[in-house]
There are 2 protein chains.
Amino acid sequence: MTARRDAVHDALRNSEGFRSAQDVYAEMRLHGAKIGLTTVYRALQALADGGKVDVLRTDEGESVYRACATDTHHHHLVCRRCGRTVEVAGPAVERWAEAVGSEHGFTEITHTVEVFGTCSVCSAPAQTG
Amino acid sequence: MTARRDAVHDALRNSEGFRSAQDVYAEMRLHGAKIGLTTVYRALQALADGGKVDVLRTDEGESVYRACATDTHHHHLVCRRCGRTVEVAGPAVERWAEAVGSEHGFTEITHTVEVFGTCSVCSAPAQTG
DNA sequence: CGGGATTTTGACAACCATTTTCATTTTGTC
DNA sequence: GACAAAATGAAAATGGTTGTCAAAATCCCG
């Protein structure tokens, strides 16, 4: 029964940036979907395990998910205001992480890299209205 | 009354890697310190706010703290097994993050970069036991 | 199509790190 | 010493996430 899981995946695709499980759940209910919170959590986890969506933690420790365009390894540039997200590839960072790790005798190196900023729309003087 | 806060800071200095508030609390109690969990949390937050300690989130969403050697901006290479932590400076990454951000019109760019691996001690064939 | 094993679902309770509350204690100041 | 402000801590509240378990959906095989 992957119908629910697909529904969750679709809900995620309709979002611009990263959304929390609770967000996805609320939005799905708003659109009339009959689904439970537990199922949303499990679907999101399954999707994440399968590499179908990316996960990261907010500053408050909440897990947020996003259906990404590419399957390949990449990072995110996230607007801290509106949540708009740009996927960025960073070969330089990958190499840097590897170098730093092996330089200190570490193996099986992984890394987490996220860039936050204020996008051009949000940083524009929107005081006119 | 910064006595408690200093005690928390000291407790953190005695640790090799990142420790959670609960860890610090437990350790302090073991050493006979009279302090409450709430106070440990608040001290850790105050320390973090003042830039005295670094904070990051574990995969489980727990906040972990570390008294770092330098006040300047740096990142961490953490052993996922024993928690040993090496502080690393990465000018290349800083520049990369800035470049990526401005390239997409983002301003006020910040970033989180953490590198995980298995240190030489932990990756050694310790099967002899 | 029917029967039964298997998986999924979801309401609710349980978890657990963290925060809030609030009364008490401590600290700083005159 | 007196008083205002800040710190402390025990207990309760919060809130995201996970576990439980019975009901429902799905699949497999004939």
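Only a predicted model underlies this, so the values are computations on that prediction, with no experimental measurement involved. Convention: sequence-line order gives letters A, B, ...; per-chain numbering from 1.
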**Q** Name all residues meeting the ring pair (Phe, Tyr, Trp, His ring centres under 6.0 Å) criterion together with B:H104; count only those two or more places apart in sequence or in a different chain, and write none if there are none.
**A**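 For B:H104 there are no ring pair (Phe, Tyr, Trp, His ring centres under 6.0 Å) partners, ignoring immediate neighbours.
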**Q** Tell me every residue that passes salt bridge (charged side-chain N to carboxylate O under 4.0 Å, His left out) with A:E103, counting only those two or more places apart in sequence or in another chain.
**A**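 In terms of salt bridge (charged side-chain N to carboxylate O under 4.0 Å, His left out), with neighbours along the sequence ignored, A:E103 is linked to no residue.
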**Q** Going by salt bridge (Lys or Arg N to Asp or Glu O under 4.0 Å), name the pairs with one or both residues in residues 55-77 of chain A, residues two or more places apart or in two chains.
**A**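 Matches after skipping sequence neighbours: A:R66-A:E87.
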**Q** Mind grabbing the angle between the end helix axes of the helix from C:dC1-D:dG30 to C:dC30-D:dG1? Five pairs an end, 10° rounding.
**A**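 Computed from the C1' atoms at both ends, the axes differ by 30°.
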**Q** In whole angstrom, what separates A:R4's CZ from C:dT7's C1'?
**A**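 Between C1' of C:dT7 and CZ of A:R4: 13 Å.
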**Q** Listed in order of residue number, which residues of residues 17-34 of chain A have a non-hydrogen atom at under 4.0 Å from DNA chain C?
**A**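 Residues of residues 17-34 of chain A under 4.0 Å from DNA chain C: A:K34.
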**Q** Checking A:R81 now: which residues fulfil side-chain contact (heavy atoms from CB on, under 4.5 Å) with it, not counting sequence neighbours?
**A**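 Result, side-chain contact (heavy atoms from CB on, under 4.5 Å) vs A:R81: A:C79, A:C122.
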**Q** Could you tell me which residues satisfy side-chain contact (heavy atoms from CB on, under 4.5 Å) with B:S120, sequence neighbours excluded, listed by chain and number?
**A**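 With neighbours one apart ignored, the set is empty.
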**Q** From CG of B:D6 over to C1' of D:dT8, roughly how many Å is that when rounded to an integer?
**A**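 Between C1' of D:dT8 and CG of B:D6: 15 Å.
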**Q** Side chains of residues 26-37 of chain A: which donor-acceptor partners sit under 3.5 Å, not counting sequence neighbours?
**A**
residue, atom, partner, partner atom, Å
A:E27, OE1, A:R19, NH1, 3.2
A:E27, OE1, A:R19, NH2, 3.3
A:R29, NH1, A:I35, O, 2.7

**Q** Nearest whole angstrom, please: distance from the C1' of C:dA17 to the CZ of B:R57.
**A**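 Between C1' of C:dA17 and CZ of B:R57: 9 Å.
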**Q** Do A:H75 and A:H111 make the cut of ring centroids closer than 6.0 angstrom?
**A**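 Centroid separation for A:H75 and A:H111: below 6.0 Å.
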**Q** Considering only heavy atoms, which members of residues 38-47 of chain A lie under 4.0 Å from some atom of DNA chain C?
**A**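 Per residue number, the list reads A:T38, A:T39, A:R42.
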**Q** For B:R5 and D:dA6, give me the distance from atom CZ to atom P, rounded to whole Å.
**A**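 Atom-to-atom, B:R5 to D:dA6, this comes out as 15 Å.
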**Q** Enumerate, atom names and distances included, each donor-acceptor pair closer than 3.5 Å involving a side-chain atom of residues 112-119 of chain A, sequence neighbours excluded.
**A**
residue, atom, partner, partner atom, Å
A:E114, OE1, A:H76, N, 3.4
A:T118, OG1, A:R80, NH1, 3.1
A:T118, OG1, B:E108, OE1, 3.2

**Q** Considering only residues two or more places apart or on different chains, which pairs with a residue in residues 32-68 of chain A satisfy ring-ring contact (aromatic ring centres under 6.0 Å, His included)?
**A**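 Output for this query is empty, none listed.
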**Q** Is a side-chain N or O of B:S20 found less than 3.5 angstrom from the main chain of B:D23, in a donor-acceptor match?
**A**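 Yes, the answer is positive, given that a donor and an acceptor are paired below the 3.5 Å cut-off.
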**Q** Send over the distance from B:E62 CD to D:dG15 C1', rounded to a whole Å.
**A**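 In whole Å, D:dG15 C1' lies 16 Å from B:E62 CD.
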**Q** Applying side-chain hydrogen bond (donor to acceptor under 3.5 Å, both in side chains), name anything that partners A:Q45, two or more places apart in sequence or on another chain.
**A**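 None.
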**Q** Please report the distance, rounded to the nearest Å, between CG in B:L37 and P in C:dT21.
**A**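 One finds 18 Å between P of C:dT21 and CG of B:L37, rounded.
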**Q** Just the rounded figure in Å: distance from P of D:dG19 to CD of B:E60.
**A**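 Interatomic distance, CD of B:E60 to P of D:dG19: 12 Å.
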**Q** From CG of A:D59 over to P of C:dT18, roughly how many Å is that when rounded to an integer?
**A**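 So the two atoms are 14 Å apart, to the nearest Å.
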